[in-house]
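Below, all heavy atoms of this structure are taken into account, side chains as well, without hydrogens, waters or symmetry copies. Predicted model only: the values in this text are computed from it and were never measured.
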Amino acid sequence: DQATDPHLMDETYSFRATSSQDSDGDGLPDEWETMNGLDPGRAGGDNGADGDAARAGQSNQDEYEGGTDPTRPALILAGPGAGPDNPPMGRGFYTDGAPVNWLEFTAYGVSAWGLNLTGGNITGNGVDEILTGPGPGTQFGPHVRGWKVSNNTVAAMPQVNFLAYGTNKYGVNVATGDIDADGFDEIITGAGPGAVFGPHVRGWDYDGSGAVTPLAGLNSFAYGAPKWGVNVAAGALDGDGYDRIITGAGPRAAYRPHVR
């Protein structure tokens, strides 16, 4: 399995305690532990400051100080690489590598060429959705789909279902990031690695509105050669509240390993 870009399934935020009573002396207020499903009378194991009941890779103390929910795990998303025998199946894993049994789904119909996927909060509800794009085979167009994660289920979002480019082959690379600092992640696409696609980067707005619309200001070519697509990612690089877009050149000799 091939892990996606650095997005994890983001945690929701918990309530901070207003009372300082700490019956077990672990540094976590009783009120906070009770509100978040921990035992305020036990300082050891998963209930203590060093515990990690959700296997999120953060201690309860870190969760308390960060204002996040200690019972909600961070999840790693993965999809198989672009082999002709690899189905477009998305899977989830805890940060310790254990599989999330309920997070397994097939995103497209043809059982080949793997899957590109990422997580991003495009609805603004504090819980990441999953965005997928098919791998680079000739059976798949640049078909972007959205998936809602709720109550241990994954369900397709019919309103996030579109073709990012014109040619009906070679798949599409997907990323998400809040590039306009409005509290909603935007969808970022990069053309698949076919000879008919240049390194074309596009942006798409959803913002929980019920419809995906292209961003006119994000529609450009990242490199000079007119083929072989582009890999995309997004993240906070300088702490100003705006995510930045990172690109990597496509897979042919026309490109050096050029990151922009």
Nearest-0.5 Å distance that lies between atom CG in L117 and atom CZ in R145: 13.0 Å

Closest non-hydrogen atom pair between G241 and A181, with its separation: O-CB, 3.4 Å

Sidechain-backbone polar pair: N121 side chain, V127 backbone, donor-acceptor under 3.5 Å: yes

Dump the intermediate steps for side-chain contact (heavy atoms from CB on, under 4.5 Å) on Y206 and T123, then the final yes or no. CA-CA 7 Å; Y206 179 71; T123 62; 3.8 Å; yes

Less than 6.0 angstrom separating the ring centers of Y64 and W32, yes or no? yes

Please state whether the rings of W147 and F105 are parallel, tilted or perpendicular, taking 30° and 60° as the class boundaries. tilted

Polar side-chain atom of N231 near backbone of G250 as donor-acceptor pair, under 3.5 Å: no

Determine whether L131 and I187 make a side-chain contact, defined as any pair of heavy atoms from C-beta on separated by less than 4.5 Å. yes

Pairs where residues 189-202 contributes a residue and the test side chain to side chain donor-acceptor pair (under 3.5 Å) is met, not counting sequence neighbours: Y165-T189, T189-W204, H200-N219

Considering only heavy atoms from C-beta outward, does the side chain of R42 approach that of L38 to under 4.5 Å? no

Mind checking whether D39 and T34 have side chains closer than 4.5 Å, heavy atoms only? no

Cluster link V230 to L218, ILVMFWY, side chain under 4.5 Å: yes

Within a strict 4.5 Å, meaning less than it, do heavy atoms of the L77 and L75 side chains meet? no

What one should report as the nearest heavy-atom pair of T247 and A222 is OG1-CB, 3.9 Å

Has the side chain of D182 got a donor or acceptor atom that lies under 3.5 Å from a matching backbone atom of F184? yes

Across all chains, not counting sequence neighbours, the salt bridge (Lys or Arg N to Asp or Glu O under 4.0 Å) partners of R244 are D238, D240

Passes side-chain contact (heavy atoms from CB on, under 4.5 Å), I246 versus V232? Steps please. CA-CA 6 Å; I246 304 101; V232 290; over 6 Å; no

So which atom in S111 and which in P87 form the shortest heavy-atom distance, rounded to 0.1 Å? OG-CB, 3.4 Å

Short side-chain donor-acceptor distance under 3.5 Å, D207 and S209: no

Gap separating the OH atom of Y170 from the CH2 atom of W228, nearest 0.5 angstrom: 7.5 Å

Residues in ring pair (Phe, Tyr, Trp, His ring centres under 6.0 Å) contact with Y94, at least two apart in sequence or another chain: none

Would you say the side-chain atoms of T176 and E186 include a donor-acceptor pair closer than 3.5 Å? no

Look up atom CG in L115 and atom CE in M89, then write down how far apart they are to the nearest 0.5 Å. 10.0 Å

Given the rule that I, L, V, M, F, W and Y join up when any side-chain heavy atoms are under 4.5 Å apart, are F162 and F197 in one cluster? yes

May I ask you to decide if I122's main-chain N or O and D185's side chain share a donor-acceptor pair within less than 3.5 Å? no

Check whether any side-chain heavy atom of E63 sits under 4.5 Å from a side-chain heavy atom of N36, and report yes or no. no

I'd like to know if the side chain of N86 reaches the main chain of W113, judged simply by a donor and an acceptor atom lying under 3.5 Å from each other, with no hydrogens or angles considered. no

Evaluation steps, side-chain hydrogen bond (donor to acceptor under 3.5 Å, both in side chains), between D50 and S59: CA-CA 5 Å; D50 295 328; S59 69; 5.3 Å; no

If you define the side chain from C-beta out and look only at heavy atoms, does anything of P99 sit under 4.5 Å from N101? yes

Kindly indicate, with the supporting measurements, whether the criterion side-chain contact (heavy atoms from CB on, under 4.5 Å) is fulfilled by E33 and D24. CA-CA 11 Å; E33 291 192 83; D24 56 11; 3.7 Å; yes

Closest approach of G177 and D243, non-hydrogen atoms and distance? CA-OD2, 3.3 Å

Between G48 and D26, which heavy-atom pair has the shortest distance, and what is it? CA-OD2, 3.8 Å

Does some side-chain heavy atom of V100 sit less than 4.5 Å from a side-chain heavy atom of R91? no

Just verifying a value: how many Å separate D22 CG and E31 CD, rounded to the nearest 0.5 Å? 12.5 Å

Donor-acceptor pair, distance only, cut-off 3.5 Å: does the side chain of N116 make one with the backbone of V172? yes

Quick one, L103 with I130, criterion side-chain contact (heavy atoms from CB on, under 4.5 Å). Give me CA distance, side-chain angles, the key distance, then yes/no. CA-CA 11 Å; L103 209 172; I130 300 172; 4.1 Å; yes

Report the distance from atom CG of D62 to atom CG of D52, rounding to the nearest 0.5 Å. 9.5 Å

Could you measure the distance from the OG1 atom of T118 to the CG atom of N173? Nearest 0.5 Å is fine. 11.0 Å

Heavy-atom check, side chain of P88 versus side chain of P134, under 4.5 Å: no

Without swapping roles, check the side chain of N47 against the backbone of G51 for a donor-acceptor pair under 3.5 Å. no

Taking atom types as modelled, is there a side-chain donor on D205 or T213 under 3.5 Å from an acceptor on the other? no

Smallest heavy-atom separation, A164 atom then V144 atom, equals CB-CG2, 4.3 Å

Report yes or no: does Y223 contribute a side-chain atom to a donor-acceptor pair with the main-chain N or O of G229 at less than 3.5 Å? no

